[in-house]
Amino acid sequence: MQSNILKNTGAGAPWLVIHPVSQEDSVGVAALRSVVAPMKGQIEGTAGRGPFNGVMEQVAVPKSVTFGAATVGGMPGWWAKPTQARQGAAIIHVHGGWFNWGTAQAFRNFVGHIALNANADAFIPDYRLAPEHPFPAAVRDLEACYRGLADNGISKIALTGDSAGGNLALVLLSIASAQASTGRIAPVGAVVFSPVTDLALTGESYDTRAEADPFFTRSQAAGLVRSYLGDSDPKHPLASPLYGDLSGLPSIRVHVRDDEVLLDDSRRYVERAVTASVDAKLDIWMGMPHGFVTNVRGFNAAAQALKASGIFLIERLNRSPGSGWRKPR
């Protein structure tokens, strides 16, 4: 399987790191698969909100992190604040849930681990969900949140996101980077986990990883995306970051699992970003399913991915505002 990935991405690509699965994690994944197999592709529509939020609420509580509801830029959400966080810097984490599910409160523990590893406060906005609020409502909410952080004196802002939240984080990264040419604060970088970058669902991995993915199917994804987009063009850059102009973006790190239908969404996005001279890198975690990084006490790979993300975010947030950022061409 590793050889197939190398064939698709180009052997020896400097922007690619492939992580083999440990024996311990392999046993854990097998156990997970047996539990979730009956529900594969079954969670759809607003009925999925309760089960999805319930799963996220079970993420282990991080130590030395406090949580609190707040409003930033008019957007309600939750803060995750490590006790030793640096001043003047913050992370916006955009939660996943296929644009239809998820809340800031349900994601607070997971984001607490991101904040702890990055030694920075992280805000999780409760952006509006589909189908009640279709595209581009979520994008506009995140723009308001970003402006709110900047207006509150935060001079260094990093973006993170998972799954559909990774889509929205990358869209926001492009918007905020472009607006920085008019004097606004530029984001310092982004880390995304299994981002949904192509809402046209053209990635080959929807077929090649159809059986390997323990959670999602193409038909399920198509229904959830349709609920979000309505009649909008799935290749609109604000809907699918894969089709946007990626030139001038700050550094990006993408983590994806080998055994998921979203593999090609990550691979193709990073390939396009690198072609556009962006400092982008892709980490592929072999044998792991979608969402493994939330199981911080169950998978060694989760702790490793979070640690790597934290090191990258610390480096970016320690830079002077605007350092390492190029104006979009």
Side-chain angles (χ1 to χ4, degrees), residues 53 55-96 102-127 142 145-162 165-166 169 172-173 176 185-193 250-251 253 255 283 291-321 323:
N53 290 338
V55 169
M56 293 308 304
E57 288 278 6
Q58 296 175 28
V59 174
V61 179
K63 297 179 180 179
S64 304
V65 178
T66 59
F67 302 96
T71 300
V72 174
M75 290 304 305
W78 278 72
W79 279 106
K81 296 186 174 184
T83 55
Q84 301 297 322
R86 65 177 55 77
Q87 299 298 309
I91 298 166
I92 295 177
H93 181 85
V94 190
H95 72 74
T103 66
Q105 182 175 358
F107 270 76
R108 67 192 185 282
N109 290 338
F110 170 53
V111 178
H113 288 283
I114 295 175
L116 187 62
N117 277 275
N119 193 29
D121 295 342
F123 185 73
I124 319 156
D126 260 320
Y127 61 87
L142 295 171
C145 181
Y146 189 94
R147 289 194 301 269
L149 271 187
D151 290 344
N152 287 339
I154 303 299
S155 60
K156 302 175 186 178
I157 303 174
L159 306 178
T160 61
D162 61 283
L172 179 60
L173 188 74
I185 293 174
V188 300
V191 177
V192 289
F193 305 95
S251 298
R253 298 294 180 265
H255 295 263
D283 286 75
F292 85 94
V293 75
T294 65
N295 195 351
V296 294
R297 292 183 183 169
F299 292 135
N300 295 322
Q304 294 168 15
L306 287 169
K307 181 179 180 180
S309 299
I311 291 171
F312 168 77
L313 290 167
I314 287 171
E315 190 274 333
R316 299 305 302 178
L317 289 168
N318 277 341
R319 293 193 173 200
S320 300
S323 175

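Below, all heavy atoms of this structure are taken into account, side chains as well, without hydrogens, waters or symmetry copies.
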Point to revise | For V72 against G148, the heavy-atom pair lying closest together | key: CG1-C, 3.8 Å

Review point. Quick one: does H113's side chain get under 4.5 Å of T294's, heavy atoms only?
Key: no

Study note, to complete from the structure: Shortest non-hydrogen pair, A120 vs I91, comes out as CB-CD1, 4.1 Å

Revision key, fill the gap. Nearest heavy-atom approach of A115 to A122 is CB-CB, 3.9 Å

Exercise for review: Calculate, to the nearest 0.5 Å, the distance between atoms CG and CG belonging to L173 and L159 respectively.
Suggested key: 5.5 Å

Check your understanding: For H93, which of F110, W79, F123 qualifies under ring pair (Phe, Tyr, Trp, His ring centres under 6.0 Å)?
Key -> F110

Exercise for review: Verify, without hydrogens or angle tests, whether R316 (side chain) and K156 (backbone) share a donor-acceptor contact under 3.5 angstrom.
Suggested key: no

Practice item. Would you sort out whether N117 and F312 count as a side-chain contact (heavy atoms from CB on, under 4.5 Å), showing the intermediate values? Key: CA-CA 10 Å; N117 277 275; F312 168 77; over 6 Å; no

Practice item. Take S309 and T160 through the test side-chain contact (heavy atoms from CB on, under 4.5 Å) and record every step on the way to the result. Key: CA-CA 9 Å; S309 299; T160 61; over 6 Å; no

**Study point:** Any donor-acceptor N/O pair, Y146 side chain to I185 backbone, under 3.5 Å
**Key:** yes

Point to revise | Heavy-atom side-chain proximity of L306 to V296 below 4.5 angstrom | key: yes

Check your understanding: What distance do L172 atom CG and L142 atom CG have between them, rounded to the nearest 0.5 Å?
Key -> 5.5 Å

Review point. Are side-chain heavy atoms of H255 and V293 found at a separation under 4.5 Å?
Key: no

**Study point:** Spacing of NZ belonging to K81 relative to CG belonging to L116, to within rounding of 0.5 Å
**Key:** 15.0 Å

Check your understanding: Ignoring hydrogens and geometry, is there a side-chain-to-backbone donor-acceptor pair from N109 to V59 under 3.5 Å?
Key -> yes

Review point. To the nearest 0.5 Å, how far apart are CD1 in I124 and CE in M75?
Key: 12.5 Å

Exercise for review: Verify, without hydrogens or angle tests, whether D126 (side chain) and T103 (backbone) share a donor-acceptor contact under 3.5 angstrom.
Suggested key: no

Exercise for review: Return yes when atom CD of E57 has more than 12 non-hydrogen atoms of other residues, nucleotides or ligands closer than 6.0 Å, and no otherwise.
Suggested key: yes

Point to revise | Any I114 side-chain heavy atom under 4.5 Å of L313 side chain | key: yes

Practice item. For E315, enumerate each residue passing the side chain to side chain donor-acceptor pair (under 3.5 Å) test, keeping only those at least two apart in sequence or located in another chain. Key: R319

Practice item. Can you see which heavy atom on G88 is nearest to which on I154, and at what distance? Key: O-CG2, 3.7 Å

Exercise for review: Report yes if the side chains of F67 and P62 come closer than 4.5 Å at any heavy-atom pair, otherwise no.
Suggested key: yes

Review point. N300: what forms a side chain to side chain donor-acceptor pair (under 3.5 Å) with it, not counting sequence neighbours?
Key: E24

Practice item. Measure the shortest side-chain to side-chain distance between R108 and V65 over non-hydrogen atoms and say whether it is less than 4.5 angstrom. Key: no

**Study point:** Heavy-atom side-chain proximity of F107 to D162 below 4.5 angstrom
**Key:** yes

Point to revise | pair P250-V188: side-chain heavy atoms closer than 4.5 Å | key: no

Review point. Taking all non-hydrogen atoms of both residues, which atom of F299 and which atom of F292 are closest, and how far apart?
Key: CD1-O, 3.8 Å

Review point. Mind checking whether H95 and Y127 have parallel, tilted or perpendicular rings, split at 30° and 60°?
Key: parallel

